[in-house]
Amino acid sequence: MEQTLYLVLLLIALCAVSECVQRQYHFINVLKTWTEAQRYCRENYTDLATADTMNDMNELRKNVTDEGVLLFWIGLQKTSVNKWQWSSGDPALYLNWGSGQPDGTDECAFMRNGQWNDCPCSNNLMFICNSSNNTSTGLVFVNQAMKWRDAQSFCRQNHTDLVSVRNQNENQQIQKFISDSHISTDVWIGLFRDSWQWSDQSDSSFRYWYTDQPDNYKGVENCTVVRQFSVGQWGDVSCNNQFPFVCHEDKLILIKEKRTWPEALRYCRQNHVDLVSVHSDEMQRDVMNCVVKRASTAAVWLGLHNYCIMNMWLWLSGENMSYQNWAPGNGTTPENCSLERRKGAVQSGGDQRWVSLPESHKLNFICTNE
């Protein structure tokens, strides 16, 4: 019984890790400036490499097979936009600054008496982590003073992340947790500010800086390299240096334009490979967890079409329909093709089931690069 439970939990964990593996990394062992590397990646793949998690970093570094390469570019660059965000990746929509805060150029936030203050990230404070293992509050107080980045790493390695405070109710819950736990010190929360953004414009808050980086030495270090000799941690350097680089290629691309199914098909074939075919539970998870939740329409076109003469549903890829995920009342009854041809889409809300819609509907759509 224990062995069976262990195997079930292991499978769940593996699925959770693989749900959003959407990128393929490509190491280019050619010396280029950051801007030249960016142009190369955009012309040949998707963009300079983005990393959302430590798993991404490990996968990215596996592709750098030349042991002589000590530094290589990734797609993180300093910009003029300096914004507050949560370590978890949540946008900072709710703010609860104390009087006169934030008061300067400091880039990390702590909580005092239920309100927030900014201070240097190099200060040593105790902190609160979010944790999925603590079912009573979901919060863990770490009675050990660390710099903000070290606290972030500790929370990610041992729990989930530094605590996010997304609304007034959560702020009150954390205040109560601090009071009930008799915590009488300032504590780090997961709010930080930086001006580093990924080349592909993704909102990832993941950072893996080496100690005391970035330091913007001489005021000209605006691009990011991976330091293979520092366990793959990052450093900031001048963008005019020349290094090898890593590109990433998205397997699935959500196009947030509203197009009919034939227009979507034409776009995917001209710019990528095809509209996506969902022929397995694994591909359905990829579509659900990594693409559809960012859509701006109620459903998103797939490469699924109804062959009217035989009233059969077929994938553009030629895969058979052995795997199906239709919403009730869709895909099983004969379609009236005399009115309008029907195509398949996936719902962007609810449980993301497939639906049959007239091909003239204008929806977002998903292209594949495979």
Side-chain angles (χ1 to χ4, degrees), residues 20 22-23 25 34 37-38 47-61 64 71-92 102 105-110 116 118-125 127-130 142 146-166 188-217 221-239 243 245-246 248:
C20 285
Q22 287 299 300
R23 301 188 182 101
Y25 292 106
W34 191 92
Q38 180 192 52
D47 215 318
L48 263 172
T50 293
D52 293 329
T53 65
M54 199 61 228
N55 286 334
D56 284 350
M57 276 306 303
N58 293 335
E59 189 65 27
L60 186 156
R61 293 181 64 211
V64 184
L71 299 167
F72 60 88
W73 294 123
I74 55 174
L76 196 66
Q77 184 182 40
K78 192 173 186 179
T79 70
S80 58
V81 179
N82 205 5
K83 64 179 182 179
W84 290 96
Q85 56 188 312
W86 292 105
S87 176
S88 63
D90 293 318
T105 59
D106 298 323
E107 295 182 333
C108 289
F110 66 90
W116 311 346
D118 66 335
C119 73
C121 303
S122 58
N123 285 8
N124 287 288
L125 298 177
F127 52 98
I128 296 175
C129 303
N130 277 127
V142 179
M146 296 184 187
K147 297 176 182 178
W148 191 93
R149 289 286 175 196
D150 295 334
Q152 180 193 47
S153 296
F154 182 94
C155 289
R156 287 176 169 177
Q157 290 171 9
N158 296 282
H159 302 288
T160 302
D161 211 324
L162 271 169
V163 66
S164 296
V165 192
R166 293 166 295 186
W188 287 129
I189 57 177
L191 192 66
F192 76 106
R193 175 174 64 178
D194 77 4
S195 54
W196 293 88
Q197 294 186 7
W198 293 100
S199 178
D200 68 356
Q201 306 301 304
S202 64
D203 293 329
S204 171
S205 66
F206 177 74
R207 303 289 186 268
Y208 193 47
W209 296 110
Y210 184 70
T211 304
D212 297 327
Q213 295 286 304
D215 61 359
N216 197 21
Y217 181 64
E221 297 188 329
N222 296 320
C223 291
T224 305
V225 290
V226 173
R227 301 155 54 122
Q228 288 287 68
F229 51 88
S230 300
V231 202
Q233 290 182 293
W234 306 346
D236 61 333
V237 299
S238 168
C239 305
F243 298 114
F245 52 99
V246 174
H248 80 255

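Just so it is clear, the values below take in all heavy atoms, side chains as well, and ignore hydrogens, waters and symmetry mates.
- Taking CG from Asp236 and CD from Gln213, the interatomic distance works out to 4.5 Å, rounded to the nearest 0.5 Å.
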| field | Derivation and outcome, side chain to side chain contact (heavy atoms under 4.5 Å, CB included), residues Tyr25 and Glu59 | value | CA-CA 8 Å; Tyr25 292 106; Glu59 189 65 27; 4.1 Å; yes

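- Partners of Glu107 according to the salt bridge (charged side-chain N to carboxylate O under 4.0 Å, His left out) rule, which considers only residues two or more places apart in sequence or in another chain, do not exist here.
- Cys119 has its SG atom at least 2.5 Å from the SG atom of Cys108.
- The cationic group of Arg207 does not satisfy the cation-pi geometry with Phe192, failing either the under 6.0 Å distance to the six-membered ring centre or the 45° limit from the ring axis.
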| message | Could you walk me through whether Glu221 and Ser238 satisfy the side chain to side chain donor-acceptor pair (under 3.5 Å) test, starting with their C-alpha distance in whole Å, then the side-chain angles of each, then the deciding distance to 0.1 Å, before giving a yes or no? | response | CA-CA 4 Å; Glu221 297 188 329; Ser238 168; over 6 Å; no

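- In summary, of the residues considered (Thr50, Asp47, Thr224), a side-chain hydrogen bond (donor to acceptor under 3.5 Å, both in side chains) with Ser199 occurs for Asp47 alone.
- Across every non-hydrogen atom of Ala49 and Leu60, the tightest pair is CB-CD1, 3.7 Å.
- A donor-acceptor contact shorter than 3.5 Å links the side chain of Thr53 to the backbone of Asp56.
- Within the 6.0 Å centre-distance limit, the rings of Trp234 and Phe206 are counted as a close aromatic pair.
- Proximity of the aromatic rings of Phe154 and Phe127 is defined here by a centroid distance below 6.0 angstrom, and this criterion is met.
- Pairs engaging residues 74-87 under the side chain to side chain donor-acceptor pair (under 3.5 Å) rule: Gln85-Asp194, Ser87-Gln152, Ser87-Arg156, Ser87-Asp161 [sequence neighbours left out].
- The two atoms that bring Val231 and Tyr208 nearest to each other are O-OH, 3.4 Å, heavy atoms only.
- For Val163 against Asn130, the heavy-atom pair with the smallest separation is CA-OD1, 3.2 Å.
- Within the model, atoms SG of Cys129 and CG of Asn158 stand 7.5 Å from one another, a figure rounded to the nearest 0.5 Å.
- The side-chain heavy atoms of Leu71 and Gln228, taken from C-beta on, include no pair separated by under 4.5 Å.
- Summarising the geometry, atom CE belonging to Met146 is positioned 9.5 Å from atom CG belonging to Asn124; distances are rounded to the nearest 0.5 Å.
- When every heavy atom of Ile74 is checked against every heavy atom of Trp34, the shortest pair comes out as O-NE1, 2.9 Å.
- Heavy-atom minimum distance, Trp148 versus Leu191: NE1-O, 3.8 Å.
- Residues Trp188 and Cys121 approach most closely at CZ2-O, 4.0 Å, considering heavy atoms.
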| request: Output, in order, the C-alpha distance, side-chain angles, deciding distance and verdict of side chain to side chain contact (heavy atoms under 4.5 Å, CB included) for His248 and Asp200. | output: CA-CA 10 Å; His248 80 255; Asp200 68 356; 3.3 Å; yes

| said: Under the criterion side chain to side chain contact (heavy atoms under 4.5 Å, CB included), I'd like the reasoning laid out for Val225 against Phe245: C-alpha separation, chi angles, the key distance, then a yes or no. | reply: CA-CA 9 Å; Val225 290; Phe245 52 99; over 6 Å; no

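- Within the model, atoms CG of Asn216 and CG of Asn222 stand 6.0 Å from one another, a figure rounded to the nearest 0.5 Å.
- Under the 4.5 Å side-chain criterion, counting only non-hydrogen atoms from C-beta, Val226 is not in contact with Tyr210.
- Here the CZ atom belonging to Arg149 is positioned 12.5 Å from the CG atom belonging to Asp212, to the nearest 0.5 angstrom.
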| task | With side chain to side chain contact (heavy atoms under 4.5 Å, CB included) as the test, would you mind laying out the steps for Phe72 and Val246 before giving the verdict? | result | CA-CA 7 Å; Phe72 60 88; Val246 174; 3.6 Å; yes

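- If you take CG on Asn55 and CG on Asn58, they are separated by 6.5 Å, rounding to the nearest 0.5 Å.
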